[in-house]
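Computation of the quantities below employed the complete heavy-atom set of this structure, encompassing side-chain atoms and omitting hydrogens, waters and symmetry-equivalent molecules. Reminder, nothing fancy here: chain letters follow the sequence lines and each chain counts from 1. Keep in mind that what you see is a predicted model, and the values were worked out from it rather than measured.
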There are 2 protein chains.
Amino acid sequence: VLRHATRSITKESATQSNQVISNKQLLYTTDPLTPGSIFFLPHGTRIFNKLVQFMKNQQIKYGFQEVITPLIYKNKLWKQSGHWENYSEDMFKVMGNVSKEDHEVQDVSNEAHEHHHEHEHNAEDEEYGLKPMNCPGHCLIYAKFDRSYNELPIRYSDFSSLHRNEASGALSGLTRVRRFHQDDGHIFCQLEQIEQEISNTINLIKNTYGVFGIETKEIEFHLSTRPEKYIGDAKTWDNAEEQLTQVLNKTTGENSWKIREGDGAFYGPKIDVLLTDAFEKKHQVGTIQLDFQLPTRFNLKYVGEEGNRDHQPILVHRAVFGSLERFFAILLDHYQGKWPFWLNPRQAIIIPVNEKHVGNAEALQKELSGDILNHDEVISPMTGYNFYVDIDKRNETVGNRIKEAIQKGYSYILMLGDKDIELGTVAIRSRDNRKVSNLTSQEVYKMFIDLEKHYK
Amino acid sequence: VLRHATRSITKESATQSNQVISNKQLLYTTDPLTPGSIFFLPHGTRIFNKLVQFMKNQQIKYGFQEVITPLIYKNKLWKQSGHWENYSEDMFKVMGNVSKEDHEVQDVSNEAHEHHHEHEHNAEDEEYGLKPMNCPGHCLIYAKFDRSYNELPIRYSDFSSLHRNEASGALSGLTRVRRFHQDDGHIFCQLEQIEQEISNTINLIKNTYGVFGIETKEIEFHLSTRPEKYIGDAKTWDNAEEQLTQVLNKTTGENSWKIREGDGAFYGPKIDVLLTDAFEKKHQVGTIQLDFQLPTRFNLKYVGEEGNRDHQPILVHRAVFGSLERFFAILLDHYQGKWPFWLNPRQAIIIPVNEKHVGNAEALQKELSGDILNHDEVISPMTGYNFYVDIDKRNETVGNRIKEAIQKGYSYILMLGDKDIELGTVAIRSRDNRKVSNLTSQEVYKMFIDLEKHYK
Ligand SMILES: [Zn+2]
Ligand SMILES: [Zn+2]
């Protein structure tokens, strides 16, 4: 993966190295009061949000519809989904501190009251599970409406936070956590639509990783096929595995992916997508999992073209980044803190040569920050380009301030003195090169837009 | 509030009326498996996300820094914050289904191991609370670093989901829920900075509500002052209340706000912001709460200009929308499903007159959808304008399709037939007016940008 990492392999781990960069750049922190849950600090949040925005933009193109779904569901749901049986040890349970039925409020509307009487009132009914996955929630949404063949594929995406009760000894930085976010998606489709859907997903994975400078040859694809114990009929499995094989050959090339015979889940074959870090550690990132089971457990149906109401869709679970926290860690390792401009939470800094240039520096900051700050209305506009531009107006030498700006990882450093103001330009240099150019503020702003738009 | 609502007051409630619109427009749904948690369907999610994006853009301008903070914290935190004592009945508790210490994994890194030994291993240590508020998390972040007077005010914003265990009988639509999202913000500042911060907040509230057509005279501001039982010293209370009074007089006008003597929380005075719906029901939306207590409980400090390390900041909790779910409900009631263009999850629909115009309709859809769809690269660009444009290519009369589009609430209906294609224009009408204009696609796109940018 890590084309930019030239370090030789040492005993240092990626986790430790990431922690050092995070501390320097103030990206994230943790606390023993909630082991395995990340606090993203303001600058880390900027990167996190950029990754989410990136993926939302891609998913619109691929026909995904974003939904927002609950975090807690009664145990009845987890029994129906099979998580109760197979996954409950890894889940957190949730319950009210007191039963709220006992001191019910007086002011109940009729509607709320009716609702209330639908439920049984036993203790177990008040126990919830904190969701480790979004799939059951998406199945509930699918099942709320009559579905027809011509609506399929239905593709839901969800960026909700997920919780898994990992052993505390296993927790490690951003890669082994208890709370994380996935660029999660579920596709409900017909058997014969699998090839197209998986092909789209693999292309999205390749193109997405490409944006971060990760070439296709650096990505490992592993197809896991039917295990000895499986559900569903062998013919469906054969058909699905044949489609997955075709897609992998077409999208990654023959012989450029691995097969793990019999290693699929009992409910469907899957494709794991792996990257290797500079310390030779492999990380699972993207994932594509076919599922013949959940549609049965949730009794999901659609009406076929011939009018038969009893068709069952196939469910595909898929994620491109996988865990956003883990992908963040991989990017930390990959870039070693030298974020490309579009991802950088510190895109530019302006250094006024001395005090009398501060006013000009502030005007320049406003202009380069883009649409949200550069206008005179009381309400900021909805969309457009916005950049993170700071000023260092401390009473330090220009040289010291440049040095510190480079250490902090700013992509561009802009210096503003008498001569610049006279010429109507600004002296700009990049983090990596001493060469200084003299550009107008409009030229700088255009360059920023171009960099952001093309993920440079 | 509800200038657009011309209905007389009936026995119908806003909740029931909202439900009818939501069902028609497929905005949200609920399920007895998770009472009080909303499922936002794809079109409801579009509105929800637009509201969040709106507020993020405003908050950048007001100097807020977004953070992402954990959802679960050990009981020790809730004891420190005082929630354990005063609020635990309204909280959900969380615990692992099995103690993960028992079957600890073998492959522990040194770092993780060290961490592990820091904790005591008793049962209570494994119990968490699901957060009802973001403040304790933000206090933890504040406390992680040495803070100086010249960093203040520090303003954190957070759009995390919050859980409160409301009695199930009290649950009602979007307004009484167990899971909700706030446009939450916490300001850590000096006593003498309160006036400026509160002034900014009230201006943001007025300007924000104005975007939705809610005039300042329709907003109620209630100042609640020092109760009999209070913490902190009376002088600080007097100073703070004096500043709040000044701000209210300046921003809303004298006599245009109400005082609730002695109605403040024991830890600080507050300003509640209320709107009234068409059924004469009041809803608390925005809130501004001063807090002299949490900074003590979390031992928050900053270094003053004179070098004294023992200064304590004041904490201001504030929200502009308040609960996004409740604000969504108020907007449903306010617009009665007739969303303005910028918020509308169905911004435009194209009706090709017959089958042979479908190709042109699809090209037009791509063009009007904006930057994410209208380009030929494999990866969609990062920012720009994007609109929700559908096509109705069903074999129905144009009249029927227009009628249905109006019922579904599309802002604009675009018709495309032989004559339009010949002229290089499209016939466009709004939801509310039969008048048809003939515009080029570029003219339509420019109009869309103008509407979105100015929240029309
Ligand atoms: Zn899933
Ligand atoms: Zn708060």
Side-chain angles (χ1 to χ4, degrees), chain A residues 13 29 31-34 37 39-40 42 45 48 57-58 60-61 65-70 72-74 76-77 88-89 91-98 100 104-105 108-109 112 116 118 130 140-141 144 165 167-172 179 207 211 372-373 378-383 385 452-453, chain B residues 13 29 31-34 37 39-40 42 45 48 57-58 60-61 65-70 72-74 76-77 88-89 91-98 100 104-105 108-109 112 116 118 130 140-141 144 165 167-172 179 207 211 372-373 378-383 385 452-453:
Chain A
S13 76
T29 186
D31 195 283
L33 287 165
T34 177
S37 283
F39 293 74
F40 284 100
T45 300
F48 185 97
N57 288 358
Q58 306 316 314
I60 289 173
K61 193 170 161 172
Q65 307 187 84
E66 190 187 342
V67 292
I68 299 171
T69 53
I72 64 174
Y73 300 87
K74 292 191 175 178
K76 194 177 160 195
L77 177 88
S88 63
E89 285 197 3
M91 283 174 63
F92 287 101
K93 66 181 168 192
V94 177
M95 62 204 76
N97 267 324
V98 292
K100 283 308 185 100
E104 196 148 318
V105 295
V108 285
S109 77
H116 171 64
E118 279 170 25
L130 188 54
L140 287 181
I141 292 180
K144 291 259 173 209
N165 187 19
S168 70
L171 300 177
S172 171
R179 181 204 190 202
N207 293 330
V211 163
I372 287 180
L373 294 179
V378 289
I379 284 289
S380 296
M382 180 47 81
T383 40
Y385 289 95
E452 177 112 343
K453 214 168 180 172
Chain B
S13 77
T29 187
D31 195 283
L33 286 164
T34 178
S37 283
F39 293 75
F40 283 100
T45 301
F48 185 97
N57 287 359
Q58 306 315 314
I60 289 173
K61 192 168 162 175
Q65 307 187 83
E66 190 187 341
V67 292
I68 298 170
T69 54
I72 65 175
Y73 299 88
K74 293 191 175 177
K76 193 177 162 195
L77 177 88
S88 64
E89 286 196 2
M91 283 176 62
F92 287 101
K93 66 181 170 192
V94 177
M95 62 203 77
N97 268 321
V98 292
K100 283 310 184 98
E104 196 146 317
V105 294
V108 284
S109 77
H116 172 64
E118 280 169 27
L130 189 54
L140 288 181
I141 292 179
K144 291 260 171 206
N165 187 18
S168 70
L171 300 177
S172 171
R179 181 206 188 199
N207 293 329
V211 163
I372 289 179
L373 294 177
V378 290
I379 283 288
S380 297
M382 179 47 81
T383 40
Y385 289 95
E452 178 113 343
K453 215 169 179 171

### Task
Examine whether an atom of V378(A) lies under 4.5 Å from a heavy atom of chain B, and if so say whether it belongs to the side chain, the backbone or both; otherwise answer neither.
both
### Query
At their closest point, which heavy atom of F48(A) faces which heavy atom of I68(B), and how far apart are they?
CD2-CD1, 3.3 Å
### Options Q65(B), R179(B), E452(B), ranked by heavy-atom pairs under 4.5 Å with chain A, top entry
R179(B)
### pair N165(A)-E89(A): side-chain heavy atoms closer than 4.5 Å
no
### Message
Which atoms of L130(A) are under 4.5 Å from chain B, going by heavy atoms: the side chain, the backbone, both sets, or neither?
### Response
side chain
### Task
Would you mind checking which part of I72(A) comes under 4.5 Å of any heavy atom in chain B, side chain (CB onward), backbone (N, CA, C, O), both or neither?
both
## Note on the structure
For S380(B) and Q58(A) the tightest heavy-atom approach is N-OE1, 2.8 Å
### Toward chain B, the part of K144(A) with a non-hydrogen atom under 4.5 Å
side chain
### Task
Please check if the side chain of T29(B) supplies one atom and the backbone of F39(B) the other of a donor-acceptor pair under 3.5 Å.
no
### Query
Given that the side chain runs from C-beta out, which part of T69(A) has a heavy atom under 4.5 Å from chain B: side chain, backbone, both or neither?
both
#### Entry: Heavy atoms of other groups near K93(B) NZ, more than 12 under 6.0 Å
yes
### Message
Go through it in stages, so that I can follow the logic: the residues are Y73(B) and D31(A), the test is side-chain contact (heavy atoms from CB on, under 4.5 Å), and I'd like the CA-CA distance, side-chain angles, deciding distance and then a yes or no.
### Response
CA-CA 9 Å; Y73(B) 299 88; D31(A) 195 283; over 6 Å; no
### Message
I'd like to verify something: which residue of N57(A), I372(A), T34(A) has the highest number of heavy-atom pairs under 4.5 Å with chain B?
### Response
N57(A)
### Task
Please check if the side chain of E66(A) supplies one atom and the backbone of T45(B) the other of a donor-acceptor pair under 3.5 Å.
no
### Task
With the side chain counted from C-beta on, respond yes when M382(B) and Y385(A) share a heavy-atom pair under 4.5 Å apart, and no when they do not.
no
### chain A contact via V94(B) - side chain, backbone, both or neither, heavy atoms under 4.5 Å
both
### Under 4.5 Å from any heavy atom of chain B - which part of I141(A)
side chain
### Task
Measure I379(A) against the heavy atoms of chain B and call it side chain, backbone, both or neither at under 4.5 Å.
both
### Task
Return the option, out of P381(B), P70(B), S37(B), with the maximum number of heavy-atom pairs under 4.5 Å with chain A.
P70(B)
